[in-house]
Colleague: 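Structure incoming, see below.
Everything quoted here is computed from the prediction, not taken from an experiment. Each residue takes its place number in the sequence, starting with 1.
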Amino acid sequence: MSKTMKLGLHTYTLHLWGLGENYANFNEYRPKAMTLMQLIDNAVKWGLDGLHITGCDLETKDEQRLKEVRDAFKQHNLYVEYNFSLDSPFDSRINDSIEVGIKIAEALGADIAKVSLDVRRPRPLYGSCFHPQVMKQLVDIYEEIKAALPLLEKTGIKLAIENHTDTFADEVIWLIKQINHPLVGACVDTVNSMCVLEDPMSAVEKLAPYAFVNHFCDHKLDRDEFGIRFHGVALGDGDIDCIKVYNTIKEVSPTDRITFEIEWDMEGDSLEVAQQKQLEACLKSIKYAREVLGIGK
């Protein structure tokens, strides 16, 4: 029997509103035009099932704040997933150690703690999968995750390792296999592999069987005299085969959730115009997920 999928939103989808992180803003922190509590209310209004949040959304990580957020999610009957990085060079507010990330996830009532590894790759980038400099970093991360396994077992939290913009799918799978624990799996981002010149569909097919969670994105590729760049767009507006990706995740991933994300940038727009375009792309993606992909049906 085919499982019914839930729909969630990664808060980075509204990063121009001050949510998610400032990955695209080069550490120029945006004032919050929408708070996490306002987003929780909107999530209910938009018919979402949950949110994938970061430390930037929390604002502070003290016990009282974590309880406040946990209670809000419970009151609104939404699931919550916690997204953190080990060493983001763009926004330090999202950085936690493995142990701290797991503890925050538990305090939030989350069942998933998603981690970006933030490895530093050597050049040339192309063909650098399993490069010795990368493997040294992965071994250190392996040791940190192994040390946290008793905490995962105690809390029941699942740790999901993302193919972020700096890792190949095979490197993530190598780390998961070396750890070899049922509470350690993957987060498959459906576009990030482009950043290491890896075919996104190939990465999805490799990682989906291990994926506790996903960043379900679409990108539009543009080519000019300087080469190729990609733009985050609403689901269905780009060059990713969203239907094929969705069916792959639904069929082989151990999850019943799709967490969509839009990596919108301002282009030449003012902040106010870009915010409205980003919000429109968010609502368009929800409509596409419901009506075209059939999520929730």
Side-chain angles (χ1 to χ4, degrees), residues 2-17 19-20 23-24 34 39 42-52 79 81 83 162-165 169 187-195 198-208 211 213-224 228-253 255-269 273-297:
S2 180
K3 59 187 173 184
T4 299
M5 302 292 282
K6 300 181 178 70
L7 183 64
L9 176 147
H10 184 346
T11 54
Y12 185 70
T13 295
L14 296 170
H15 69 86
L16 294 175
W17 294 75
L19 295 163
Y23 180 79
M34 185 186 301
L39 179 61
N42 282 331
V44 175
K45 182 172 70 174
W46 297 337
L48 297 175
D49 299 297
L51 296 174
H52 187 85
Y79 70 76
E81 300 167 346
N83 178 321
E162 183 186 0
N163 62 317
H164 200 49
T165 57
C187 169
V188 56
D189 188 294
T190 63
V191 298
N192 271 350
S193 56
M194 293 182 187
C195 295
E198 181 178 18
D199 171 43
M201 194 64 228
S202 173
V204 169
E205 290 172 346
K206 287 179 178 181
L207 286 167
V213 67
N214 47 77
H215 292 171
F216 196 94
C217 316
D218 199 358
H219 274 171
K220 180 182 179 182
L221 295 176
D222 283 338
R223 186 178 68 177
D224 58 26
I228 296 174
R229 67 161 297 194
F230 49 77
H231 309 260
V233 293
L235 297 182
D237 283 354
D239 292 300
I240 298 296
D241 188 340
C242 290
I243 295 175
K244 184 177 181 180
V245 170
Y246 170 66
N247 287 334
T248 301
I249 291 173
K250 183 177 181 181
E251 290 168 9
V252 304
S253 286
T255 182
D256 63 352
R257 301 172 185 168
I258 291 292
T259 299
F260 81 89
E261 176 187 9
I262 304 172
E263 298 186 357
W264 196 267
D265 57 50
M266 291 179 64
E267 301 292 346
D269 294 327
V273 170
Q275 284 175 335
Q276 289 306 310
K277 287 183 177 180
Q278 190 178 56
L279 181 58
E280 289 167 7
C282 172
L283 298 178
K284 185 176 182 180
S285 294
I286 294 171
K287 182 179 176 69
Y288 178 90
R290 296 299 192 197
E291 297 182 2
V292 178
L293 299 181
I295 297 175
K297 297 181 179 179

Colleague: With under 30° as parallel and over 60° as perpendicular, where do the rings of Tyr246 and Phe216 fit, or are they tilted in between?
Modeller: perpendicular
Colleague: For Asn247, which residues count as a side chain to side chain donor-acceptor pair (under 3.5 Å) partner, sequence neighbours excluded?
Modeller: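 Not a single residue meets the side chain to side chain donor-acceptor pair (under 3.5 Å) criterion with Asn247.
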Colleague: Donor-acceptor pair, distance only, cut-off 3.5 Å: does the side chain of Ser285 make one with the backbone of Leu235?
Modeller: yes
Colleague: Are any side-chain N or O atoms of Trp46 and backbone N or O atoms of Leu283, one a donor and one an acceptor, separated by less than 3.5 Å?
Modeller: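 No: the side chain of Trp46 does not pair with the backbone of Leu283.
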Colleague: Has Arg229 got a side-chain atom pairing as donor or acceptor with Arg223's backbone, closer than 3.5 angstrom?
Modeller: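 Absent.
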Colleague: Main chain of Leu7, side chain of Asp49: is a donor-acceptor contact present, judged purely on distance under 3.5 Å?
Modeller: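 Looks like yes, one N/O pair under 3.5 Å.
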Colleague: Would you find a donor on one side and an acceptor on the other, under 3.5 Å apart, between the side chain of His10 and the backbone of Gly20?
Modeller: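 Flag not set: sc His10 to bb Gly20 has no pair under 3.5 Å.
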Colleague: Check whether any side-chain heavy atom of Leu293 sits under 4.5 Å from a side-chain heavy atom of Lys250, and report yes or no.
Modeller: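 Side chain of Leu293 against side chain of Lys250, heavy atoms only: no contact under 4.5 Å found.
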Colleague: Under a 3.5 Å distance rule, please check whether Thr190 uses its side chain to pair with a backbone N or O of Cys217 as donor and acceptor.
Modeller: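 Confirmed, Thr190 side chain pairs with Cys217 backbone.
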Colleague: Please give me the minimum heavy-atom distance between Leu39 and Leu14, naming the atom from each residue.
Modeller: CD1-CD1, 3.9 Å
Colleague: I'd like to know if the side chain of Asn214 reaches the main chain of Thr259, judged simply by a donor and an acceptor atom lying under 3.5 Å from each other, with no hydrogens or angles considered.
Modeller: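 Checking the backbone N and O of Thr259 against the side chain of Asn214, a donor-acceptor pair under 3.5 Å is found.
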Colleague: Would you confirm whether Asp218, through its side chain, and Gly236, through its main-chain N or O, come within 3.5 Å as a donor-acceptor pair?
Modeller: yes
Colleague: Search all heavy atoms of Ala208 against all heavy atoms of Ser253 and return the closest pair with its distance.
Modeller: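 Smallest interatomic distance, heavy atoms only, reads O-OG, 2.6 Å.
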Colleague: Output all residues satisfying salt bridge (charged side-chain N to carboxylate O under 4.0 Å, His left out) with Asp241, sequence neighbours left out; order by chain, then residue number.
Modeller: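 Partners of Asp241 under the salt bridge (charged side-chain N to carboxylate O under 4.0 Å, His left out) test: none.
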Colleague: Please assess Thr255 against Val213 for the test side chain to side chain contact (heavy atoms under 4.5 Å, CB included), listing each intermediate value before the final yes or no.
Modeller: CA-CA 6 Å; Thr255 182; Val213 67; 5.7 Å; no
Colleague: Considering residues at least two apart in sequence or located in another chain, which fulfil the side chain to side chain contact (heavy atoms under 4.5 Å, CB included) criterion with Lys284?
Modeller: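 Counting only residues at least two positions away or on another chain, Lys284 forms a side chain to side chain contact (heavy atoms under 4.5 Å, CB included) with Ala234, Asp237.
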Colleague: My understanding is that only residues two or more places apart in sequence, or in another chain, count here; which of them pass side chain to side chain donor-acceptor pair (under 3.5 Å) with Asn192?
Modeller: Glu162, Asp189
Colleague: Considering all heavy atoms of both residues, which atom of His15 and which atom of Trp264 are nearest to each other, and what is their separation?
Modeller: NE2-O, 2.6 Å
Colleague: Please report the C-alpha distance between Asp256 and Thr4 in whole Å, then the side-chain angles of each, then the deciding distance to 0.1 Å, and finally whether the side chain to side chain contact (heavy atoms under 4.5 Å, CB included) criterion is met.
Modeller: CA-CA 7 Å; Asp256 63 352; Thr4 299; over 6 Å; no
Colleague: Any non-hydrogen side-chain atom of Val191 less than 4.5 Å from a side-chain atom of Pro200?
Modeller: no
Colleague: Heavy-atom distance under 4.5 Å between the side chains of Ile240 and Met194, does that happen here?
Modeller: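 Heavy-atom side-chain distance check passes, below 4.5 Å.
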Colleague: Using the ring-ring contact (aromatic ring centres under 6.0 Å, His included) criterion, which residues pair with Tyr79? Sequence neighbours excluded.
Modeller: none
Colleague: Can you measure from CZ (Arg290) to CD1 (Ile295) and round to the nearest 0.5 angstrom?
Modeller: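 Result: 7.0 Å between the selected atoms.
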Colleague: Can you sort out the partners of Asp222 under salt bridge (charged side-chain N to carboxylate O under 4.0 Å, His left out), two or more places apart, ordered by chain and number?
Modeller: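 Residues passing salt bridge (charged side-chain N to carboxylate O under 4.0 Å, His left out) with Asp222: none at all.
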Colleague: Between Glu261 and His52, is there a side-chain donor-acceptor contact under 3.5 Å, judged purely by atom types and distance?
Modeller: no
Colleague: Taking it one step at a time, do Phe260 and Ile286 satisfy side chain to side chain contact (heavy atoms under 4.5 Å, CB included)?
Modeller: CA-CA 8 Å; Phe260 81 89; Ile286 294 171; 3.7 Å; yes
Colleague: For Asp269, enumerate each residue passing the side chain to side chain donor-acceptor pair (under 3.5 Å) test, keeping only those at least two apart in sequence or located in another chain.
Modeller: Lys277
Colleague: Can you name the closest pair of heavy atoms from Ala169 and Glu198 and give their distance?
Modeller: N-OE1, 3.2 Å
Colleague: Quick one: list whatever passes side chain to side chain donor-acceptor pair (under 3.5 Å) with Lys244, sequence neighbours left out.
Modeller: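 By the side chain to side chain donor-acceptor pair (under 3.5 Å) rule, Lys244 matches no residue at all.
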Colleague: Please report the closest heavy-atom contact between Thr13 and Cys282, naming both atoms and the distance.
Modeller: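 Thr13 and Cys282 have their closest heavy atoms at CG2-CB, 4.0 Å.
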Colleague: Output the distance between atom NE2 (His215) and atom CD1 (Ile262), rounded to the nearest 0.5 Å.
Modeller: 13.5 Å
Colleague: Donor-acceptor pair, Asp239 side chain versus Leu221 backbone, under 3.5 Å?
Modeller: yes
Colleague: Who passes salt bridge (charged side-chain N to carboxylate O under 4.0 Å, His left out) against Lys220, sequence neighbours left out?
Modeller: none
Colleague: With Glu81, which residues qualify under salt bridge (charged side-chain N to carboxylate O under 4.0 Å, His left out), at least two apart?
Modeller: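 Arg257.
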Colleague: Of all the heavy-atom pairs spanning Ala203 and Asn163, show the shortest one and how long it is.
Modeller: CB-ND2, 4.4 Å
